[in-house]
Peer 1: 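Below is a structure I'd like to ask you about.
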Amino acid sequence: MFNDIEQTIIIESRSNGYMRYDYGKLKGRIVEVYGNQKVFAEAMDWSERTCSLKLSNKVFWKQPEITKAVELLNIEHDAIQDYFFRHLA
């Protein structure tokens, strides 16, 4: 199910060392579904700080976290890349 995304992560981490992603669309979806990042963080079993660090590229997302967020936010599988893997310009 996530094999293409797993390959993307591996290729990007090897080629550039550290990739920064644009989480703007993800942040919008979080507000749309949960109202704010704090409530989303609670649904993810995170602190608000952890959520903030992940959404600001300070801490990497783990694959199980992406899977859980996709489920909680009702993100279509073919749109995962738009939410989690859009590179910052």
Side-chain angles (χ1 to χ4, degrees):
M1 168 167 52
F2 293 103
N3 289 338
D4 292 338
I5 293 169
E6 290 170 3
Q7 287 179 324
T8 301
I9 293 168
I10 291 167
I11 290 168
E12 290 174 351
S13 66
R14 286 183 184 160
S15 64
N16 292 335
Y18 177 66
M19 300 298 297
R20 294 181 45 87
Y21 297 100
D22 178 356
Y23 293 121
K25 187 170 183 174
L26 179 60
K27 290 177 186 178
R29 183 69 178 164
I30 289 168
V31 171
E32 192 179 306
V33 175
Y34 284 93
N36 61 55
Q37 289 180 19
K38 181 181 181 191
V39 177
F40 174 69
E42 291 169 359
M44 289 291 294
D45 297 319
W46 289 340
S47 68
E48 191 173 1
R49 174 132 172 89
T50 295
C51 186
S52 176
L53 290 171
K54 288 182 183 291
L55 292 172
S56 62
N57 283 291
K58 305 288 187 210
V59 174
F60 288 112
W61 287 76
K62 297 175 185 162
Q63 290 178 355
E65 294 169 337
I66 292 172
T67 301
K68 184 174 182 177
V70 165
E71 292 172 7
L72 291 173
L73 296 169
N74 299 310
I75 295 172
E76 296 291 327
H77 287 174
D78 61 349
I80 292 171
Q81 188 155 351
D82 294 334
Y83 286 91
F84 290 94
F85 301 104
R86 178 170 285 163
H87 296 176
L88 281 174

Peer 1: Is the number of heavy atoms from other residues, nucleotides or ligands under 6.0 Å of K27 NZ greater than 12?
Peer 2: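 Yes, enclosed.
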Peer 1: With heavy-atom distances below 4.5 Å as the criterion, would you say the side chains of I30 and L55 are in contact?
Peer 2: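 I30 vs L55: side chains touch.
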Peer 1: Between L72 and V33, is any pair of side-chain heavy atoms under 4.5 Å apart?
Peer 2: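 Contact flag for L72/V33 side chains = no.
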Peer 1: Identify the heavy atoms of S47 and A41 that sit nearest to each other, and give their distance.
Peer 2: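 Residues S47 and A41, closest heavy atoms: O-CB, 3.6 Å.
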Peer 1: So, the side chain of K25 versus the backbone of D82: is there a donor-acceptor pair under 3.5 Å, distance only?
Peer 2: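 No, K25 side chain to D82 backbone: no donor-acceptor pair under 3.5 Å.
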Peer 1: Could you tell me which non-hydrogen atom of A69 sits nearest to which non-hydrogen atom of F40, and how far apart they are?
Peer 2: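 Shortest heavy-atom contact: CB-CZ, 3.9 Å.
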Peer 1: Could you tell me whether E65 and K68 have a side-chain N and a carboxylate O separated by less than 4.0 Å?
Peer 2: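 No, E65 and K68 are not salt-bridged.
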Peer 1: Before you tell me yes or no, could you show the steps for Y83 and V70 under side-chain contact (heavy atoms from CB on, under 4.5 Å), namely the whole-Å CA-CA distance, both residues' side-chain angles and the distance that decides it to 0.1 Å?
Peer 2: CA-CA 9 Å; Y83 286 91; V70 165; over 6 Å; no
Peer 1: Do the side chains of W46 and K54 get nearer than 4.5 Å, heavy atoms only?
Peer 2: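 The answer is yes, as the side chains (C-beta and beyond) meet within the 4.5 Å cut-off.
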Peer 1: Under 4.5 Å between any side-chain heavy atoms of L73 and E32, yes or no?
Peer 2: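 No, every pair of side-chain atoms sits at 4.5 Å or beyond.
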Peer 1: Kindly write out the residues that satisfy side-chain contact (heavy atoms from CB on, under 4.5 Å) with N57, not counting sequence neighbours, or none if the list is empty.
Peer 2: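 side-chain contact (heavy atoms from CB on, under 4.5 Å) list for N57, sorted by chain: Y18, R20, Y21, Y23, L88.
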Peer 1: Rounded to the nearest 0.5 Å, what separates atom NZ in K58 from atom OG1 in T50?
Peer 2: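 Answer for the NZ-OG1 pair, K58 versus T50, is 14.5 Å.
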Peer 1: Are the side chain of S56 and the backbone N or O of S52 linked by a donor-acceptor pair below 3.5 Å?
Peer 2: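 Checked: pair present.
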Peer 1: To the nearest 0.5 Å, tell me how far F85 CZ sits from I80 CD1.
Peer 2: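 The CZ atom of F85 sits 8.0 Å away from the CD1 atom of I80.
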